[in-house]
Amino acid sequence: MLNIALFGPPGSGKGTQSEKIIEKYKLAYISTGNLLRAEIAEGSELGKCAKSMMDAGNLVPDELIVQILEKKIKNLDKDEKGILFDGFPRNLVQSYIITGLLAKLNTELTAMINLEVAEEELMDRMLKRAAIEGRSDDNPETIKNRFVQYEAKTKPVADFYKEMDKCYTVDGLGTIDEIFARISKVIDQLK
Ligand code: AMP
């Protein structure tokens with residue numbers, strides 16, 4: 001299987017690039033952020049627990065992430081070509097969780113693709129996205145906290161995969177197609 005974790009700070013374009021990656025490489029898609037938003041929209045207990053933390057820009061506890069992942073994995077096709085993870089793993093504990101989860105499927109993470117974008121550019125992009133999509137966690141205060149959380153908890157995940165020679169950094173500045181071409185080049189070298 002070709003299992004990829006798309007990594008990068010808030011607003012780095014993970015969602016946009018994910019759509020293109022899953023279409024080209026026919027991968028199953030697991031976005032923990034989307035799964036959490038779906039739980040909130042359904043009004044489930046899990047969604048209710050997650051909402052206040054998401055609105056504040058904090059990470060949701062790992063136990064909740066494990067629950068939504070297990071639910072999602074159960075519904076995956078048996079002969080999936082691979083999985084694209086978007087927004088997961090987001091801390092070091094989750095790096096171990098993904099290893100265990102993929103081991104259960106007799107596979108492992110092939111690579112992490114790290115989208116690199118300067119912070120000033122990110123804030124600008126996210127405020128624009130807030131105006132278009134109306135996401136409740138895209139306001140300046142929450143965005144700032146999401147960057148703080150990213151620096152403190154999420155960034156170390158990239159170092160973890162760098163040590164294993166599994167982290168590929170891609171310049172996240174440019175047009176959607178330019179960035180996608182860079183990502184494709186990395187994936188094609190993995191196959
Ligand atoms: P995203 O759509 O990936 O930007 O995620 C939006 C929000 O959902 C984040 O700010 C977190 O509050 C929460 N979230 C998404 N994925 C995770 C994860 N893997 N671990 C913890 N919290 C998450």
Side-chain angles (χ1 to χ4, degrees), residues 3-22 27-73 83-102 109 112-117 119 121-161 167 172 179 183:
N3 302 309
I4 294 172
L6 192 57
F7 188 85
S12 56
K14 297 190 292 294
T16 307
Q17 293 299 329
S18 288
E19 281 176 27
K20 297 180 81 73
I21 297 169
I22 56 174
L27 303 178
Y29 180 48
I30 298 185
S31 153
T32 44
N34 284 357
L35 292 173
L36 288 168
R37 282 184 286 277
E39 293 282 341
I40 293 173
E42 263 175 40
S44 71
E45 274 311 307
L46 197 152
K48 282 179 199 152
C49 288
K51 187 170 181 350
S52 58
M53 288 171 260
M54 288 171 75
D55 283 346
N58 290 323
L59 293 188
V60 167
D62 298 328
E63 299 80 57
L64 294 189
I65 299 296
V66 169
Q67 283 178 41
I68 56 164
L69 283 169
E70 284 186 340
K71 207 156 117 184
K72 176 78 183 175
I73 296 270
I83 305 171
L84 178 71
F85 294 92
D86 168 2
F88 171 81
R90 235 177 172 103
N91 61 28
L92 283 174
V93 170
Q94 292 183 12
S95 314
Y96 293 103
I97 293 173
I98 198 174
T99 305
L101 198 118
L102 290 171
L109 192 74
M112 157 176 279
I113 297 181
N114 177 22
L115 281 177
E116 200 171 55
V117 184
E119 195 172 317
E121 166 77 15
L122 291 171
M123 182 61 98
D124 200 47
R125 282 190 194 179
M126 288 185 71
L127 292 172
K128 279 191 189 130
R129 180 170 85 182
I132 299 167
E133 294 179 12
R135 258 177 65 162
S136 59
D137 59 349
D138 272 353
N139 59 71
E141 209 175 307
T142 304
I143 292 171
K144 264 190 212 134
N145 188 37
R146 285 163 69 195
F147 283 128
V148 170
Q149 299 297 319
Y150 176 79
E151 286 293 325
K153 297 178 182 157
T154 308
K155 236 181 177 178
V157 174
D159 298 329
F160 178 84
Y161 288 102
C167 178
I179 300 163
I183 293 175

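Just the heavy atoms: all of them, side chains too, but no hydrogens, waters or symmetry mates, feed the values below. Every number for a ligand or one of its atoms is a count from 1 in the order of the listing.
Contact annotation: for Asn58 versus ligand 1, heavy atoms closer than 4.0 Å belong to the backbone alone. For Gln149, no heavy-atom contact with ligand 1 is shorter than 4.0 Å. Under 4.0 angstrom from ligand 1, the non-hydrogen atoms of Val60 come from both its backbone and its side chain. With a 4.0 Å heavy-atom cut-off, ligand 1 is reached by the side chain of Leu36 but not by its N, CA, C or O.
In this structure, the side chains of Ile30 and Ile73 come closer than 4.5 Å at one or more pairs of heavy atoms.
With hydrogens left out, the protein atom closest to atom 8 (O) of ligand 1 is Met54 CE, 3.3 Å, a heavy atom. If you check which protein heavy atom lies closest to atom 20 (N) of ligand 1, you get Gln94 NE2, 2.9 Å.
Using a 4.0 Å cut-off between charged nitrogen and carboxylate oxygen, Arg125 and Asp138 do not count as a salt-bridge pair. Taking the charged nitrogens against the carboxylate oxygens, Lys155 and Asp159 have no contact shorter than 4.0 Å, which rules out a salt bridge.
Across Lys14, Arg146, Arg90, heavy-atom proximity to atom 5 (O) of ligand 1 is greatest for Arg90. When Ile98, Leu59, Thr142, Thr32 are checked for heavy-atom proximity to atom 17 (C) of ligand 1, Thr32 turns out nearest.
Heavy-atom contacts of Gly87 reach the following atoms of ligand 1: 16 (N), 17 (C), 18 (C), 19 (N) (cutoff under 4.0 Å). Set against the non-hydrogen atoms of Gly33, the atoms of ligand 1 under 4.0 Å away are 2 (O), 5 (O), 15 (C), 16 (N). Residue Arg37 approaches ligand 1 through these ligand atoms, each under 4.0 Å from one of its heavy atoms: 2 (O), 6 (C).
Taking distance alone, with nitrogen or oxygen atoms compared against 3.5 Å, Asp86 stays at or beyond that limit from ligand 1. Not one N or O of Met53 is nearer than 3.5 Å to an N or O of ligand 1, by distance alone.
Here the closest heavy-atom approach between residue Lys14 and residue Asp86 is recorded as CB-OD1, 3.6 Å. Pairing each heavy atom of Val117 with each of Pro9, the nearest pair is O-CG, 4.4 Å. Taking both residues in full, the closest heavy atoms of Leu109 and Leu102 are given as N-CD1, 3.5 Å, listed atom of the first, atom of the second, then distance.
Ring geometry for Phe7 against Tyr150 counts as tilted: the plane angle lies between 30° and 60°, on a 0 to 90° scale.
Judged by distance alone, the side chains of Glu141 and Asn145 never bring a donor and an acceptor atom under 3.5 Å apart.
Screening Lys153, Glu151, Arg146 for a side-chain hydrogen bond (donor to acceptor under 3.5 Å, both in side chains) involving Gln149 leaves a single residue, Lys153.
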